[in-house]
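Below is one structure, written out as structure tokens; the observations come after it.
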Amino acid sequence: MSNIRLMDMGDYPQLIDLWRNTENIGLSKADSPVNLDAFLQRNPGLSFVILDDDKIIGTLLGGHDGRRGAIYHLAVNKEYRYKGYGKALLNHCLAAFADIGIERCHIHVYADNQSGLDFWQKHGWFTRPELVLLSKDIGNPVKVDR
Ligand SMILES: CC(C)(COP(=O)(O)OP(=O)(O)OC[C@H]1O[C@@H](n2cnc3c(N)ncnc32)[C@H](O)[C@@H]1OP(=O)(O)O)[C@@H](O)C(=O)NCCC(=O)NCCS
């Protein structure tokens, strides 16, 4: 029996274990407990876990900037794939975005993650060849210590 609920920081040990063991999930300082806690507090009601009893078998982080939504770390344990869990997590998040008026959502996918790209495109997501992602690191960010 599996079910979906909101993610919370009590999940952290299982989250980081799943992410470390999932291909094509890139981890960074943004995934530290302090920073994940800040993300969840800033984006309430948008990040979910799916469970098999009390074992976390899938995750999705949802956030937004007030204009567009962003999804990170959609991951399903390899032993539980192709059972609809990824789609269920995605649908939960998209419904939550719709509830707060977010009309469009973006996802970053590694260019060589063909399987991931196939998944997103199967669900109606489209690539944006007219756009290029540029990033910049912020020097000395203030760490939120909660
Ligand atoms: C992508 C991922 C989350 C899919 O999870 P999943 O639980 O196996 O997916 P689902 O069972 O919900 O699949 C839903 C639908 O997508 C299809 N699908 C699943 N994975 C697919 C893939 N890699 N390519 C194409 N279609 C795929 C399923 O067949 C299913 O189709 P249906 O609705 O017609 O039956 C999982 O493979 C994963 O964790 N991958 C590694 C991490 C990753 O790449 N994440 C996304 C990149 S950011």
Side-chain angles (χ1 to χ4, degrees), residues 1-139 141:
M1 182 69 183
S2 63
N3 63 309
I4 292 180
R5 66 161 169 74
L6 288 171
M7 183 184 291
D8 65 56
M9 284 308 291
D11 298 327
Y12 190 79
Q14 288 199 71
L15 301 177
I16 200 73
D17 186 55
L18 175 62
W19 295 338
R20 283 183 178 138
N21 287 292
T22 301
E23 74 279 17
N24 293 310
I25 296 294
L27 293 175
S28 72
K29 285 183 196 164
D31 300 296
S32 70
V34 164
N35 289 335
L36 182 65
D37 187 30
F39 179 87
L40 295 179
Q41 292 199 40
R42 188 185 182 285
N43 298 283
L46 296 172
S47 294
F48 300 93
V49 294
I50 191 162
L51 298 122
D52 180 7
D53 291 329
D54 55 359
K55 175 183 174 180
I56 292 175
I57 58 170
T59 65
L60 180 153
L61 293 177
H64 70 90
D65 60 10
R67 180 181 171 96
R68 299 304 190 206
I71 289 176
Y72 305 92
H73 293 5
L74 174 62
V76 171
N77 181 311
K78 291 180 184 124
E79 293 171 21
Y80 292 85
R81 291 197 185 158
Y82 288 96
K83 295 177 187 292
Y85 298 145
K87 187 157 95 177
L89 284 163
L90 186 54
N91 287 340
H92 256 69
C93 183
L94 296 182
F97 279 140
D99 284 346
I100 57 171
I102 298 290
E103 295 177 336
R104 176 171 285 185
C105 183
H106 301 306
I107 170 89
H108 297 116
V109 182
Y110 286 118
D112 64 355
N113 180 7
Q114 192 57 52
S115 169
L117 287 167
D118 290 346
F119 174 86
W120 292 106
Q121 288 178 300
K122 176 162 189 173
H123 291 87
W125 295 60
F126 45 94
T127 58
R128 302 293 299 274
E130 77 279 24
L131 298 177
V132 176
L133 175 69
L134 292 98
S135 304
K136 190 177 196 315
D137 291 332
I138 309 298

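For reference, positions follow the sequence shown, starting with 1.
For the side chain to side chain donor-acceptor pair (under 3.5 Å) test, residues two or more places apart in sequence or in another chain that qualify with Asp11 are Arg5. Residues satisfying the side-chain contact (heavy atoms from CB on, under 4.5 Å) test with Asp118, not counting sequence neighbours, are Gln114. Taking Glu103 as the reference, nothing meets the side chain to side chain donor-acceptor pair (under 3.5 Å) condition, with sequence neighbours excluded.
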Could you list the donor-acceptor pairs under 3.5 angstrom formed by side chains in residues 119-133, with sequence neighbours left out?
{"residue": "His123", "atom": "ND1", "partner": "Phe119", "partner atom": "O", "Å": "2.7"}
{"residue": "Arg128", "atom": "NE", "partner": "Glu130", "partner atom": "OE2", "Å": "2.8"}
{"residue": "Arg128", "atom": "NH2", "partner": "Glu130", "partner atom": "OE2", "Å": "3.0"}

Enumerate, atom names and distances included, each donor-acceptor pair closer than 3.5 Å involving a side-chain atom of residues 72-80, sequence neighbours excluded.
{"residue": "His73", "atom": "NE2", "partner": "Asp31", "partner atom": "OD1", "Å": "2.8"}
{"residue": "Asn77", "atom": "OD1", "partner": "Glu79", "partner atom": "N", "Å": "2.8"}
{"residue": "Lys78", "atom": "NZ", "partner": "Asn21", "partner atom": "O", "Å": "3.2"}
{"residue": "Tyr80", "atom": "OH", "partner": "Asp52", "partner atom": "OD2", "Å": "2.8"}

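Looking at heavy atoms from C-beta onward, Asp17 lies out of side-chain contact with Ile56 at the 4.5 angstrom threshold.
Here the CG atom belonging to Leu89 is positioned 10.0 Å from the CD1 atom belonging to Ile71, to the nearest 0.5 angstrom. Atom CE of Met7 sits about 8.5 Å away from atom CZ of Phe39, to the nearest 0.5 Å. Rounded to the nearest 0.5 Å, atoms CZ (Phe48) and CG (Asn3) are 12.5 Å apart. Annotation: the span from Ile57 atom CD1 to Ile50 atom CD1 amounts to 5.5 Å, rounded to 0.5 Å.
Scanning all heavy atoms of the two residues, the minimum distance from Ala96 to Gly45 falls at CB-O, 3.6 Å. Minimum heavy-atom separation, Cys105 to Phe97: SG-CE1, 3.6 Å. The heavy-atom pair separating Ser47 from Leu61 by the smallest distance is OG-CA, 3.3 Å. The two atoms that bring Gly62 and Cys93 nearest to each other are CA-SG, 4.1 Å, heavy atoms only.
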Can you check side-chain contact (heavy atoms from CB on, under 4.5 Å) on Ser115 and Asn113, steps first, answer last?
CA-CA 5 Å; Ser115 169; Asn113 180 7; 4.1 Å; yes
I'd like to know whether Val49 forms a side-chain contact (heavy atoms from CB on, under 4.5 Å) with Leu15, so could you lay out the CA-CA distance, the side-chain angles of the two residues, the decisive distance to 0.1 Å, and finally the verdict.
CA-CA 9 Å; Val49 294; Leu15 301 177; 3.8 Å; yes
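Residue pairs satisfying the side-chain hydrogen bond (donor to acceptor under 3.5 Å, both in side chains) criterion with at least one member in residues 55-69, sequence neighbours excluded, are listed as follows: Trp19-Thr59.
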